[in-house]
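Every number for a ligand or one of its atoms is a count from 1 in the order of the listing.
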Amino acid sequence: METISFVIPCYRSESTIEKVAAEIRETIAQKSEFDYEIICVNDCSPDNVYDVLVKMAQEDKKVKVVNLAKNMGKHCAVMAGYSVVEGDYVVNLDDDCQSPVYELWNLMDPLLNGEYDVATAVYNEKKESKGKRLGSDLNLWVSEIMLDKPKGLRFENFSVMKRFVCDEMIKYKNPYPYMEGLILQVTKKITGVRMDQRERGDDNGSGFTLAKSIMLFTNGLTSFSVKPLRLATIVGTIFALAGFVFGLVVIIHKIIDPAVPMGYSSTMAVILFSNGLIMFLLGLIGEYVGRIFICINNSPQYVIRNTINVMKTGEDL
Ligand code: UDP
Ligand code: MG
């Protein structure tokens with residue numbers, strides 16, 4: 001018998017998390033060769049989802065709760081969940097009934113019958129706001145360029161991977177985990193399975209604002225790639241060369257025709273432009289330096305306050 005571990009980051013989902021668990025049980029019951037565990041990570045949610053999780057864990061020992069002391073964001077919460085996984089397959093899903101759990105067997109098919117290590121849902125039509133859409137498009141573009149991701153493959157809120165992928169991923173201990181970057185470091189045997197996405201099961205609205213998406217975007221940009229730094233060097237060199245040539249042109253112009261005015265405004269424009277560019281490049285370098293600083297400071301990826309029904313202890317966590 002193989003076990004499927006469902007990892008669910010929970011944030012503002014006291015009204016939906018039980019429905020998600022019920023749907024998981026219903027789906028698992030369709031195939032007797034699979035068992036399940038449900039790992040709910042409370043990302044320091046402001047609602048009463050923790051109380052609901054405690055109740056669920058008392059009623060069903062297969063529901064495991066990881067209670068975080070601080071809100072660290074979805075990706076850190078998922079990493080905390082991975083650290084206690086015991087199953088053979090790890091399914092990622094959301095807490096708001098948006099992930100179509102009833103499609104589980106279709107999603108698992110490429111892993112069970114094909115040679116893939118990871119399968120993610122590919123939604124026919126996405127139900128999300130324009131701001132969120134812009135944020136995730138930005139992230140898709142970054143991961144394609146920065147992480148050499150297969151084109152057009154968007155990691156959705158419903159995916160499954162073999163256990164070894166998850167085991168490799170949790171070796172990454174730094175803050176700012178970026179799921180796509182971590183997965184792509186482990187395997188390229190990733191595929192998409194087409195299905196419909198559902199609406200949220202409550203009316204809380206997305207917990208992911210454009211600001212959080214932008215934060216994620218900088219994670220993808222700088223945590224897993226030094227390409228932006230190289231780009232900065234190239235852009236800086238081009239502008240410096242252009243400035244040099246422009247300076248030569250001005251001097252030659254003045255020698256040929258001494259009557260020509262030097263042009264205060266054009267000088268100012270050049271100064272502003274080049275200073276702006278320098279500031280931009282400094283900022284970019286600063287971002288990396290800041291991250292190195294935080295990493296050597298050993299800032300935690302997540303802080304676990306307590307767990308329920310979790311067998312792994314101490315060293316494992
Ligand atoms: N989430 C989290 N911490 C946060 C915000 C969100 O763990 O600070 C989780 C949330 O519990 C959910 C997932 O991230 O499982 C996606 O959040 P949501 O449904 O609000 O965003 P969506 O991507 O659907 O717009
Ligand atoms: Mg959602």
Side-chain angles (χ1 to χ4, degrees), residues 5-21 23-24 38-53 56 63-85 90-101 103 120-140 143 154-160 175-180 195-220 300-305 307:
S5 304
F6 295 83
V7 176
I8 316 177
C10 299
Y11 189 72
R12 300 187 310 172
S13 50
E14 60 173 311
S15 65
T16 52
I17 188 66
E18 280 180 297
K19 284 182 218 150
V20 177
E23 195 169 20
I24 289 173
I38 302 175
I39 298 165
C40 297
V41 185
N42 174 26
D43 191 15
C44 210
S45 179
D47 67 3
N48 290 322
V49 69
Y50 182 66
D51 297 337
V52 180
L53 295 179
M56 286 166 66
V63 173
K64 304 178 178 184
V65 180
V66 178
N67 190 27
L68 297 188
K70 275 172 76 182
N71 177 275
M72 304 294 250
K74 178 179 179 178
H75 292 227
C76 295
V78 171
M79 290 293 272
Y82 285 175
S83 71
V84 305
V85 153
V90 181
V91 174
N92 298 286
L93 69 163
D94 277 1
D95 58 355
D96 55 3
C97 297
Q98 260 186 314
S99 310
V101 177
E103 294 270 15
T120 172
V122 175
Y123 293 130
N124 292 325
E125 188 203 334
K126 288 213 74 181
K127 299 182 170 67
E128 59 191 6
S129 71
K130 285 233 161 63
K132 173 83 197 310
R133 179 79 197 178
L134 181 72
S136 45
D137 279 348
L138 206 65
N139 282 328
L140 183 68
S143 52
R154 189 194 287 267
F155 281 84
E156 295 290 0
N157 58 11
F158 189 40
S159 61
V160 60
Y176 312 120
Y178 187 67
M179 289 301 152
E180 299 194 0
M195 60 184 76
D196 283 325
Q197 185 179 20
R198 296 185 293 188
E199 301 280 2
R200 288 181 68 97
D202 57 30
D203 42 32
N204 276 339
S206 173
F208 259 91
T209 53
L210 181 60
K212 279 191 183 175
S213 292
I214 290 174
M215 184 60 203
L216 207 56
F217 168 77
T218 31
N219 276 357
Q301 200 174 65
Y302 51 82
V303 184
I304 297 179
R305 189 194 296 281
T307 60

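- In this structure, the separation between CG on Asn67 and SG on Cys44 is 7.5 Å, given to the nearest 0.5 Å.
- Every atom of ligand 1 is numbered from 1 in the order shown, and the set under 4.0 Å from a heavy atom of Gln98 is 19 (O), 24 (O).
- In terms of polar-atom proximity, defined here as any N/O pair under 3.5 Å, Leu93 makes no such contact with ligand 1.
- Of all the atoms in ligand 1, the ones that sit under 4.0 Å from a non-hydrogen atom of Asp43 are 2 (C), 3 (N), 4 (C), 7 (O), 8 (O).
- Using a 4.0 Å cut-off between heavy atoms, Asp94 contacts ligand 1 through both its backbone and its side chain.
- Contacts between Arg12 and ligand 1 below 4.0 angstrom, taking non-hydrogen atoms only, are absent altogether.
- Here Ile8 has no heavy atoms under 4.0 Å from ligand 1, in either its backbone or its side chain.
- Note that CG of Leu93 and CZ of Phe6 are 7.0 Å apart. Values are rounded to the nearest 0.5 Å.
- Annotation: protein N, O or S atoms under 2.8 Å of the Mg ion (ligand 2) (waters excluded) comprise Asp96 OD2, Gln98 OE1.
- Not close to ligand 1: Asn157, with no non-hydrogen atom less than 4.0 angstrom away.
- Residue contact check: Asp96 has heavy atoms under 4.0 Å from atoms 19 (O), 24 (O) of ligand 1.
- When heavy-atom distances to ligand 1 are checked against a 4.0 Å cut-off, Ser13 has no atom that comes that close, whether in backbone or side chain.
- Atoms of ligand 1 lying under 4.0 Å from any heavy atom of Cys10, numbered from 1 in the order shown and given with element: 11 (O).
- Residues Val85 and Val7 have side chains in contact (heavy-atom distance under 4.5 Å, counting atoms from C-beta outward).
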